[in-house]
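Read through the structure below, which is laid out as structure tokens, and then see the notes.
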Amino acid sequence: MFKILVFLWMVYGLEGADVVLSCSLIEEGGGMGGMMGGAMFKRTASTLVFKDLVGNDDLSPELVTPYNPPETPNADDLIFELTLPSIQIPNADLLLHADCNEQEVVCEISHYVPRGAEVDSLPAHFIGSVQLEGGGISLTLVLQTLHNETTQSDTQPLMQSKLNLPLSQSGTLLTEVVFVVFSRVPSIVAPIGSDVLLDCGFRQKNSIPGQDVALEWRIQHRGNGRKILDIKARETETDVGQDLFVDREGTSAEADLLVRDGNASLTLRRLKVTDEGTYICTVGSGEFQTQQIVQLHITQPPHITLSEEKLVFQDSTPQKLSCHCHRYYPLDVQVEWFSQAPSEEEPVSLSKESSLSSHRQHSDGTYSLSSHLHLRPDKNPPGTVITCRVSHPALETLSDATLTVGKPDPNTVFWTVILMLAISVMFLYKAFSGAGAVYGTVSSLPVFIQNILNCVPKTNEAFTGLERHGVFVLQFG
């Protein structure tokens, strides 16, 4: 999308503040091609002036920089001057602060033909798209040209060179907003399983009582699209009638709010990963129809656990520690490892020594991943704090899972040494006696070795570990 930095001024007048935006007039033919190499478009620099967009009750004259039209009107200038005689745009004051907040405003204007009208018929119509990036309002405006009543009948008005339309005495093309579709929250983030309201509304000048209002919501995601709701509503003397189509369970829009208040918002209940995408709100009333886009992003923070509750080194053997990130969305998750020994003032990164499993996708669309780290006792003495740190778009802050390396049980260390001595003596006895080894019981061993083994508590980790490895299946004759 073509982005233009906003040039914003406010005119402090008797009625309110004016907003001036730098825009582009989009026409077919020449210039830049479409994204798929299709139709070609030509862009011409233009200016959009909102007259009295916001009331001046809270504005200070000292803070306002006046907007002045060109001293000499130029037929090549494209200045669209807008008035909003009966249409109030919600949250329009956000446009006043865009420049101060360093926000970009995307502004594009193109020709528009209402239903049933001829292409070159008068009054002429244009459609304007104004989007405040980084959060804020998004507008789609239908502009209708006005008759220049200030021009004297015996004076030929200046004609705009590109549009061949008469200009005002100040060199602007006078228009009014006759229809607008807007969203006050054009991008929203919601967790799985929650309910969400996609904001969309419209305003129309001189709407006819009892006139049908058509609302359609579509979703586009990864090249696929489908209609999920369609309403045709009309207000009668007693209530609001409607024709309704719904393709997704838990989806709704209020027909009475649509007709009476211009509220075209969509409610989605019990969100799933498959609900993520671009939602298109299309509203039609009378001769006008236009649309607004709302982006819905689904998130689910990861549940983080470590494979061990405690970590104790019994000998010099490295131990494996895993950090599991369960059921998160979207896919982009980052895992880092740190260690901080008691003698260190700052943690040391261990991320380069770790390894990652592949992403595992679950039936609900969420993902899981594990990170593995092998720790050595010589580099991680007792008291060392091991930290697994996870970052993810659904987490407001970094999430840590930690454990502290513990001290081994002194009794376990003592009996481990004794057992190793006993095993050494046992093999020396075998070597010097020349006896063959047969399978049997510990009771056939020399008496002094049996006495050592009988002193070892059978619950001792070293003893049970040696038993598991089959050390005590040997007997010597």
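FYI, side chains are in, hydrogens and waters are out, and symmetry mates aren't considered; it's all heavy atoms of this structure.
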For [X] and [Y], test the side chains for any donor-to-acceptor distance below 3.5 angstrom and give the result as yes or no.
X: Trp337; Y: Ser371; answer: yes
X: Thr172; Y: Glu81; answer: yes
X: Asp400; Y: Thr402; answer: no
X: Ser322; Y: His372; answer: yes
X: Gln289; Y: Arg115; answer: yes
X: Glu276; Y: Tyr329; answer: yes
X: Thr282; Y: Glu216; answer: no
X: His324; Y: Ser370; answer: yes
X: Thr366; Y: Gln300; answer: no
X: Arg269; Y: Ser252; answer: yes
X: Ser349; Y: Glu336; answer: no
X: Tyr328; Y: His359; answer: yes

Query - CA sep, side-chain torsions, deciding dist, call: Val106, Glu133, side-chain contact (heavy atoms from CB on, under 4.5 Å) - result: CA-CA 7 Å; Val106 180; Glu133 295 200 334; 3.5 Å; yes
Using a strict 4.0 Å threshold on nitrogen-to-oxygen distance, state whether [X] and [Y] make a salt bridge.
X: Arg226; Y: Asp247; answer: yes
X: Asp212; Y: Arg234; answer: yes
X: Asp275; Y: Arg248; answer: yes
X: Glu27; Y: Arg43; answer: no

Requested in this report: Using the ring-ring contact (aromatic ring centres under 6.0 Å, His included) rule, take His362 and Tyr367 through it: C-alpha gap first, then chi angles, then the decisive distance, then the call.
Outcome: CA-CA 6 Å; His362 304 283; Tyr367 298 92; 8.2 Å; no
**Report entry** Atom pair CZ (Phe313) and CG (Asn380), whose distance is rounded to the nearest 0.5 Å
**Finding:**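 Rounded to the nearest 0.5 Å, the CZ-CG separation comes out at 5.5 Å.
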Query raised in the report: How long is the gap from CE on Met159 to CG on Leu167, to the nearest 0.5 Å?
Result: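 It is 8.0 Å, given to the nearest 0.5 Å.
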Query raised in the report: Does Ile127 reach the side chain of Ile109, with side-chain heavy atoms less than 4.5 Å apart?
Result: no
**Report entry** Student check: side-chain heavy atoms of Leu163 and His111 closer than 4.5 Å
**Finding:**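 They are in contact (side-chain heavy atoms under 4.5 Å apart), so the answer is yes.
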Query raised in the report: Does NZ or CZ of Lys205 come closer than 6.0 Å to the centre of the six-membered ring of Phe179, within 45° of the ring's axis?
Result: no
